[in-house]
Amino acid sequence: MGKRQYITTAIDYPNAAPHMGHVLEKVLADVCARWFRLRGDEVRFQIGTDEHGIKIQRKAEEEGVTPRALVDRNVVLFQDLYTRLGISYDKFIRTSADSGHKATVQALWNKLKDAGMLEKRSYTGLYCAGCERFMPKKDLEDGKCPVHHTIPDEVTEENWFFLLSKDTENLRSLLTKDWGKEEYRIVPDFRANETLSLLDQGLEDVSFSRPKTSLAWGIDVPGDEDHVMYVWCDALTNYISGLGYFTKNEEREWWDDAVVTHVIGKDITRFHALIWPSMLKAAGVRIPDRLLVHGFLTSEGEKMSKSLGNVVVPQDVIDKYGVDALRFYLSHEVPVGRDGDFSWKRLEEMYDAKLRNQLGNMLNRALVLLRKDGGVVQIPTDEESVSQTKKLWDDFAQQMDTFELHAAMQSLTEAVSILNGAFNDRAPWTIKDDVEKRIQTLGNFAECLRHIALMLLPFMPETAQKISTQLGVSYAAKMLDHDFVITDDMKQWGSQKDWKTVGEPAILFPKIEDSVAPKA
RNA sequence: CGCGGGGUGGAGCAGCCUGGUAGCUCGCGAGGCUCAUAACCUCGAGGUCGCAGGUUCAAAUCCUGCCCCCGCAACCA
């Protein structure tokens with residue numbers, strides 16, 4: 001018990017407002033972080049923004065503002081959204097604004113250089129003046145830029161390269177077994193297989209810097225005033241710079257002596273699976289434990305894109321259905337690791353069917369009847385209830401521990417459905433003469449709901465607390481505290497001896513009248 | 001032959017590894033109940049499991065070929 005967990009998400013690129021894809025990742029990581037805390041682990045959870053780079057620089061030029069002003073403005077959008085979503089992060093790192101970040105990155109750079117992993121080379125490529133970037137040959141149509149229909153110029157520029165190819169076999173070993181006894185697991189498995197097939201194709205060295213003439217908005221390369229670091233050394237390093245690595249070193253134990261989990265999207269798997277461990281190893285820093293890779297979200301079955309006009313603004317969803325409905329949808333409908341779809345119609349169906357009609361109504365029908373008998377809580381204890389509850393918790397923990405979060409979430413909605421069925425079968429409202437029996441029958445349902453609320457806590461914290469409060473459970477007020485832990489006692493059937501009466505029933509999920517999705 | 005994912009009742013998916021009455025959720029229809037947020041429960045309709053071959057007593061499930069959709073292909077989460 002009580003392992004130390006360091007969990008991170010990819011840092012977001014704040015060149016525009018956050019969208020549903022950003023939210024998927026944060027919710028996934030937050031559910032994990034909350035679960036770790038609830039099971040008694042010490043957790044540090046970091047998110048942030050990757051604020052350098054050419055796109056920010058250009059976007060700022062377009063708007064006639066400084067890059068600094070642009071990111072300062074946009075970062076707030078991310079922070080506000082994540083706060084509203086209840087993302088329980090401990091640290092929000094900003095690569096251009098966090099004082100320690102630059103120092104750690106430059107220190108890491110020097111270590112890579114000392115390790116002989118950096119080399120300055122001239123790079124020759126096809127440069128499109130219109131796009132202001134090098135075009136890979138594969139992107140060209142008949143040798144022309146597909147956007148500008150011009151033949152790109154052959155341009156040579158100096159770049160620092162990270163000698164990733166040196167580590168090809170080490171990385172293959174790392175992903176299949178270990179690298180100097182260090183292990184690094186990719187979840188789900190098929191992402192690991194994909195990465196291994198990349199190794200089979202051979203690894204190339206990676207460009208790690210840009211001349212300031214083409215990119216000014218970034219961290220200076222130490223000892224080379226004409227160059228700025230390219231994204232990888234800058235962005236990936238956030239995971240350790242956020243802990244003061246190589247500088248203050250105050251919080252290094254969260255890296256050195258913790259289970260480290262990176263939550264990322266499938267597009268950046270290769271960088272996290274290959275470049276990052278190679279960098280760390282060269283710098284003499286331990287490799288993380290696992291990489292949790294999520295898929296992408298389509299919108300209404302199609303790729304999310306501005307031109308299609310189907311980009312879903314998370315705030316619209318929250319405004320209409322609430323934070324927990326959104327967290328529920330992303331957890332219940334999107335299998336961890338695989339692509340998912342966001343659909344207003346589906347969200348509405350799920351909200352009505354699972355949350356309003358099943359969960360909310362179940363709570364309400366039990367509470368209303370209990371209140372008619374004075375709200376007395378009496379939970380009959382029998383062998384079967386005790387053992388079934390234990391099995392429920394064991395199965396749930398198993399799924400959560402192996403990151404099958406959607407399966408865990410789905411088994412919760414399944415449990416609520418079974419509860420509704422049992423309620424009809426036992427029909428407590430038909431027990432007219434025997435008050436004691438009626439109260440005890442209802443007590444069973446209240447106790448079941450108490451357990452379900454606890455399990456819902458990582459997914460839908462506010463809802464879980466509301467249920468517990470309505471039930472009148474004594475720990476309800478503390479459930480959202482950062483240090484709240486689900487104890488073995490809480491997981492026991494009928495363990496809450498101080499639970500005497502139920503609270504006031506209230507509608508958990510109201511009917512949403514307007515069934516038309518807001519236009520984007 | 002670039003890589004990967006996928007094509008199963010109206011929608012979304014499971015099943016395929018370890019062949020043998022095709023399952024789940026939503027939606028739809030009909031009954032039941034009436035404690036409850038017109039919610040809940042039960043039953044039902046609806047599928048030649050992308051196409052074509054092959055292996056087998058038997059294939060959604062294994063093999064071969066083909067068609068189609070989606071994503072990725074060094075910086076779009």
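Lettering of chains follows the sequences in order, A, B, ..., and the numbering in each one begins at 1. Side chains are part of it too, since the values below use all heavy atoms of this structure and drop only hydrogens, waters and symmetry mates.
A:Asn424 contributes a side-chain N or O that forms a donor-acceptor pair with the base of B:C40 under 3.5 Å. Residue A:Glu349 places no side-chain atom within donor-acceptor reach of the base of B:A11, judged by atom type and a 3.5 Å distance cut-off alone.
With P as the reference atom, B:C72 and B:A77 are 12 Å apart, rounded to whole Å. Only the P atoms considered, B:A38 is 42 Å distant from B:C49, to the nearest whole Å. The same atom, C1', is picked in B:G7 and in B:U61; the two are 15 Å apart, to the nearest Å. For the P atoms, the distance from B:U64 to B:C3 is 16 Å, rounded to whole Å. Between B:U18 and B:C63, the two P atoms lie 10 Å apart (nearest whole Å). Separating the C1' atom of B:C41 from that of B:C68 is a span of 42 Å, rounded to the nearest Å. Nucleotides B:G9 and B:G46 have their P atoms positioned 14 Å apart, rounded to a whole Å. Across the C1' atoms, B:C26 and B:G65 are found 37 Å apart, a figure rounded to whole Å.
Here A:Asp220 pairs with A:Lys212 in a salt bridge; the nearest charged N to carboxylate O distance falls below 4.0 Å. Here A:Arg450 pairs with A:Glu447 in a salt bridge; the nearest charged N to carboxylate O distance falls below 4.0 Å.
Distances from the side chain of A:Arg365 to the nucleotides B:A77, B:A74, B:C40 place B:C40 closest. Considering only side-chain atoms of A:Asn420, the nucleotide from B:A74, B:C40, B:A36 that sits closest is B:C40. Minimum atom distance to the side chain of A:Ile268 is reached by B:A77, of the listed B:A39, B:A77, B:A74. Relative to the side chain of A:Gln358, the nucleotides B:U25, B:C41, B:C35 differ in distance, and B:C41 lies closest. Ranking B:A77, B:G32, B:A39 by closeness to the A:Arg356 side chain, first place goes to B:A39. For A:Leu297, whose side chain is taken as the heavy atoms from C-beta onward, the closest listed nucleotide among B:U37, B:C35, B:A77 is B:A77. Looking at the side chain of A:Asn361, the nearest of the listed nucleotides B:U37, B:C26, B:C35 is B:U37.
A:Phe445 and A:Phe423 have perpendicular rings, their planes meeting at more than 60° on a 0 to 90° scale where under 30° would count as parallel. Using cut-offs of 30° and 60° for the angle between ring planes, the A:Phe396 and A:Phe459 rings count as perpendicular.
Between the CD atom of A:Glu348 and the P atom of B:U37 there is a distance of 21 Å, given to the nearest Å. Protein atom CG of A:Asn364 is 6 Å distant from nucleotide atom C1' of B:U37, rounded to whole Å. Rounded to whole angstrom, the span from the CZ atom of A:Arg270 across to the C1' atom of B:C3 amounts to 9 Å. What separates CH2 of A:Trp344 from C1' of B:C26 is a distance of 18 Å, to the nearest Å. The separation between A:Asn357 atom CG and B:C26 atom C1' is 12 Å, rounded to whole Å. Rounded to an integer number of Å, the gap from A:Lys432 NZ to B:C35 P is 6 Å. Going from atom CD of A:Glu414 over to atom C1' of B:C13 covers 15 Å, rounded to whole Å. Distance A:Glu333 CD to B:G12 P: 12 Å, rounded to the nearest Å.
Applying the 4.0 Å criterion to OP1 and OP2 of B:A77, one finds that A:Lys266 has every side-chain N and O outside that range. When the side-chain nitrogen and oxygen atoms of A:Gln410 are compared with OP1 and OP2 of B:C26, none of them lie within a distance under 4.0 Å.
Looking at heavy-atom distances under 4.0 Å, A:Thr269 makes no contact with the nucleic acid at all. Within the nucleic acid shown, A:Gly360 comes within 4.0 Å of at least one base atom, counting heavy atoms only. At a threshold of 4.0 angstrom between heavy atoms, the contacts of A:Val231 include nucleobase atoms, whether or not backbone atoms are also involved. Among the protein residues, A:Lys354 comes within range of the sugar-phosphate backbone only, with heavy atoms under 4.0 Å from sugar or phosphate atoms but none that close to a base. Heavy atoms of A:Leu442 sit nowhere under 4.0 angstrom from any nucleic acid atom.
The two residues A:Asp30 and A:Gly86 have their closest heavy-atom pair at OD2-O, 3.3 Å.
Two rings, from A:Tyr321 and A:Tyr351, have their centers less than 6.0 Å apart. No close placement of the A:Phe208 and A:Trp232 rings is indicated, their centers lying 6.0 Å or farther apart. For A:Tyr329 and A:Phe342, the distance between ring centers is under 6.0 angstrom.
In this entry B:G71 has B:C3 as its Watson-Crick or G-U wobble partner, both defining distances falling under 3.5 Å. Remark: B:U55 base-pairs with no nucleotide in the shown strands. Criterion, Watson-Crick or G-U wobble with two distances under 3.5 Å.
For the pair A:Asp339 and A:Ser207, nearest-nucleotide mapping onto RNA chain B gives the more 5' position to A:Asp339. Closest-nucleotide positions on RNA chain B for A:Val206 and A:Asp425 were compared, and the one nearer the 5' end corresponds to A:Asp425.
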